[in-house]
Amino acid sequence: MSFKPKYMLAAAALIAGAFAFTPHAGAAPATNAGQKGAYADHLAVANSGELRTIAVTAHRYEFEPETITVHEGEPVKLVLTSKDVTHGIADDDLGIPNTVIYKGKTSTVTFTPKKLGTFKVHCSVFCGIGHGNMVLTVKVIK
Ligand SMILES: [Cu+2]
(Lines give C-alpha, C1' and ligand atoms only; values in the text may rest on other atoms or scores of the structure.)
Protein backbone atom coordinates (compact mmCIF):
# COMPACT_ATOMS: atom_id res chain seq x y z
CA MET A 1 0.00 0.00 0.00
CA SER A 2 1.35 3.42 -0.90
CA PHE A 3 0.42 6.84 0.49
CA LYS A 4 -0.97 9.24 -1.99
CA PRO A 5 0.41 12.77 -1.65
CA LYS A 6 -3.14 14.18 -1.67
CA TYR A 7 -4.10 12.30 1.49
CA MET A 8 -0.88 13.14 3.25
CA LEU A 9 -1.49 16.84 2.64
CA ALA A 10 -4.98 16.53 4.02
CA ALA A 11 -3.68 14.77 7.12
CA ALA A 12 -1.01 17.43 7.63
CA ALA A 13 -3.60 20.18 7.35
CA LEU A 14 -5.79 18.49 9.96
CA ILE A 15 -2.90 18.16 12.39
CA ALA A 16 -1.81 21.75 11.83
CA GLY A 17 -5.38 22.88 12.35
CA ALA A 18 -5.64 21.03 15.62
CA PHE A 19 -2.47 22.69 16.93
CA ALA A 20 -3.56 26.10 15.73
CA PHE A 21 -6.91 25.98 17.47
CA THR A 22 -6.08 24.22 20.71
CA PRO A 23 -4.31 27.06 22.57
CA HIS A 24 -6.96 29.63 21.69
CA ALA A 25 -9.87 27.45 22.65
CA GLY A 26 -8.29 26.76 26.03
CA ALA A 27 -6.96 30.21 26.89
CA ALA A 28 -9.42 32.85 25.76
CA PRO A 29 -12.63 32.17 27.65
CA ALA A 30 -11.02 30.59 30.71
CA THR A 31 -8.65 33.42 31.71
CA ASN A 32 -11.01 36.25 30.83
CA ALA A 33 -13.98 34.76 32.63
CA GLY A 34 -12.21 34.79 35.97
CA GLN A 35 -10.85 38.33 35.69
CA LYS A 36 -13.92 39.91 34.21
CA GLY A 37 -16.48 38.83 36.81
CA ALA A 38 -16.22 41.86 39.07
CA TYR A 39 -15.67 44.25 36.18
CA ALA A 40 -18.33 42.92 33.85
CA ASP A 41 -20.42 46.07 34.13
CA HIS A 42 -17.52 48.34 33.25
CA LEU A 43 -17.38 50.14 29.95
CA ALA A 44 -17.36 48.08 26.81
CA VAL A 45 -13.96 49.08 25.50
CA ALA A 46 -11.32 46.78 24.13
CA ASN A 47 -9.45 45.03 26.91
CA SER A 48 -5.86 44.11 26.19
CA GLY A 49 -5.69 41.54 28.98
CA GLU A 50 -4.57 43.37 32.13
CA LEU A 51 -4.98 46.94 30.96
CA ARG A 52 -7.98 48.68 29.55
CA THR A 53 -6.91 50.20 26.27
CA ILE A 54 -8.51 53.11 24.45
CA ALA A 55 -7.49 54.13 20.95
CA VAL A 56 -7.48 57.87 20.29
CA THR A 57 -6.80 59.47 16.93
CA ALA A 58 -5.60 63.05 16.70
CA HIS A 59 -6.02 65.36 13.75
CA ARG A 60 -6.46 69.09 13.22
CA TYR A 61 -8.19 70.12 15.48
CA GLU A 62 -9.78 67.36 17.45
CA PHE A 63 -9.35 64.02 19.05
CA GLU A 64 -11.48 61.04 18.11
CA PRO A 65 -13.30 60.14 20.18
CA GLU A 66 -13.65 63.64 21.65
CA THR A 67 -14.58 62.23 25.05
CA ILE A 68 -13.34 59.15 26.83
CA THR A 69 -14.54 57.78 30.14
CA VAL A 70 -12.18 56.11 32.57
CA HIS A 71 -12.42 54.81 36.11
CA GLU A 72 -10.88 56.31 39.21
CA GLY A 73 -7.98 54.18 40.38
CA GLU A 74 -8.01 51.93 37.32
CA PRO A 75 -4.95 52.06 35.05
CA VAL A 76 -5.78 52.76 31.45
CA LYS A 77 -3.59 52.74 28.38
CA LEU A 78 -4.12 55.21 25.56
CA VAL A 79 -2.98 54.20 22.10
CA LEU A 80 -2.48 57.42 20.19
CA THR A 81 -2.08 58.09 16.50
CA SER A 82 -2.16 61.19 14.31
CA LYS A 83 -3.69 61.53 10.88
CA ASP A 84 -1.87 64.72 9.87
CA VAL A 85 0.74 66.60 11.89
CA THR A 86 2.39 66.22 15.28
CA HIS A 87 0.04 66.55 18.25
CA GLY A 88 0.34 65.62 21.89
CA ILE A 89 -1.40 65.27 25.22
CA ALA A 90 -0.39 66.09 28.77
CA ASP A 91 -2.30 66.59 31.99
CA ASP A 92 -0.93 66.94 35.50
CA ASP A 93 -4.27 66.31 37.23
CA LEU A 94 -4.71 63.01 35.42
CA GLY A 95 -1.05 62.06 35.67
CA ILE A 96 -0.51 62.01 31.92
CA PRO A 97 3.09 62.98 31.10
CA ASN A 98 3.65 64.98 27.93
CA THR A 99 3.18 62.43 25.20
CA VAL A 100 3.94 63.46 21.64
CA ILE A 101 1.86 61.91 18.87
CA TYR A 102 3.74 61.77 15.59
CA LYS A 103 2.06 61.20 12.27
CA GLY A 104 2.60 57.64 11.14
CA LYS A 105 3.71 56.41 14.57
CA THR A 106 1.84 54.98 17.49
CA SER A 107 2.42 56.52 20.92
CA THR A 108 1.16 54.94 24.10
CA VAL A 109 0.76 56.32 27.57
CA THR A 110 -0.58 54.61 30.66
CA PHE A 111 -2.03 56.53 33.57
CA THR A 112 -4.19 55.93 36.62
CA PRO A 113 -6.78 58.65 37.27
CA LYS A 114 -6.74 59.67 40.93
CA LYS A 115 -9.56 62.22 41.00
CA LEU A 116 -13.16 62.11 39.88
CA GLY A 117 -14.32 64.75 37.46
CA THR A 118 -14.21 65.95 33.89
CA PHE A 119 -10.82 67.02 32.58
CA LYS A 120 -10.07 68.99 29.46
CA VAL A 121 -6.78 67.76 28.05
CA HIS A 122 -5.42 70.24 25.53
CA CYS A 123 -3.24 69.30 22.63
CA SER A 124 0.30 69.84 23.92
CA VAL A 125 2.04 70.46 20.60
CA PHE A 126 1.25 73.53 18.51
CA CYS A 127 -0.43 72.19 15.40
CA GLY A 128 -1.97 75.19 13.67
CA ILE A 129 -4.57 77.90 13.99
CA GLY A 130 -7.11 75.75 15.82
CA HIS A 131 -4.61 74.28 18.26
CA GLY A 132 -6.03 76.22 21.22
CA ASN A 133 -9.39 74.52 20.82
CA MET A 134 -8.08 71.00 20.38
CA VAL A 135 -9.27 69.18 23.47
CA LEU A 136 -9.66 65.60 24.62
CA THR A 137 -12.29 65.41 27.35
CA VAL A 138 -11.56 62.75 29.96
CA LYS A 139 -14.38 61.84 32.34
CA VAL A 140 -13.26 60.04 35.45
CA ILE A 141 -16.04 58.09 37.13
CA LYS A 142 -16.22 55.59 40.01
CU1 LIG B 1 -2.15 71.10 18.74
Side-chain angles (χ1 to χ4, degrees), residues 3-142:
F3 290 105
K4 297 195 171 162
K6 196 162 67 176
Y7 296 135
M8 291 188 68
L9 278 177
L14 280 175
I15 292 165
F19 277 109
F21 284 109
T22 304
H24 296 290
T31 51
N32 281 347
Q35 289 174 349
K36 268 189 175 172
Y39 301 99
D41 57 343
H42 283 195
L43 303 177
V45 175
N47 191 317
S48 69
E50 302 94 44
L51 272 184
R52 241 187 96 216
T53 300
I54 302 175
V56 177
T57 303
H59 63 86
R60 287 172 167 155
Y61 294 100
E62 59 186 23
F63 293 95
E64 288 178 32
E66 284 179 31
T67 302
I68 61 173
T69 302
V70 298
H71 292 275
E72 181 190 29
E74 185 182 296
V76 61
K77 178 175 163 183
L78 303 184
V79 177
L80 305 153
T81 52
S82 167
K83 283 184 186 169
D84 44 28
V85 297
T86 303
H87 299 280
I89 59 168
D91 193 280
D92 288 341
D93 288 331
L94 289 167
I96 301 175
N98 189 30
T99 305
V100 179
I101 311 164
Y102 298 99
K103 183 191 177 188
K105 291 191 178 179
T106 300
S107 302
T108 61
V109 63
T110 299
F111 67 102
T112 304
K114 301 274 196 285
K115 302 176 204 170
L116 295 173
T118 299
F119 301 84
K120 301 282 186 187
V121 178
H122 287 85
C123 179
S124 63
V125 176
F126 183 79
C127 55
I129 196 160
H131 167 73
N133 298 320
M134 184 166 168
V135 172
L136 172 69
T137 300
V138 179
K139 287 186 180 172
V140 181
I141 62 174
K142 279 280 182 194

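Quantities reported herein were computed from a predicted structural model and do not represent experimental measurements. Start at 1 and go down the list; that is how both ligands and their atoms are numbered. FYI, side chains are in, hydrogens and waters are out, and symmetry mates aren't considered; it's all heavy atoms of this structure. Starting from 1, each residue takes its place in the sequence as its number.
For a distance bound of 2.8 Å, the N, O or S atoms of Cys123 include one lying that close to the Cu ion (ligand 1). The Cu ion (ligand 1) has no N, O or S atom of His87 inside 2.8 Å of it.
Minimum heavy-atom separation, Val109 to Pro97: CG2-CD, 3.7 Å.
Taking CG of Asp84 as the reference point, atom OH of Tyr61 lies at 8.0 Å (rounded to 0.5 Å). Here the straight-line distance linking atom CD1 of Ile68 with atom CG of Leu78 works out to 5.0 Å at 0.5 Å rounding. Between His87 atom NE2 and Phe126 atom CZ the span is 11.0 Å, to the nearest 0.5 Å.
When rounded to 10 degrees, the angle formed at the Cu ion (ligand 1) by ND1 (His131) and O (Val125) equals 90°.
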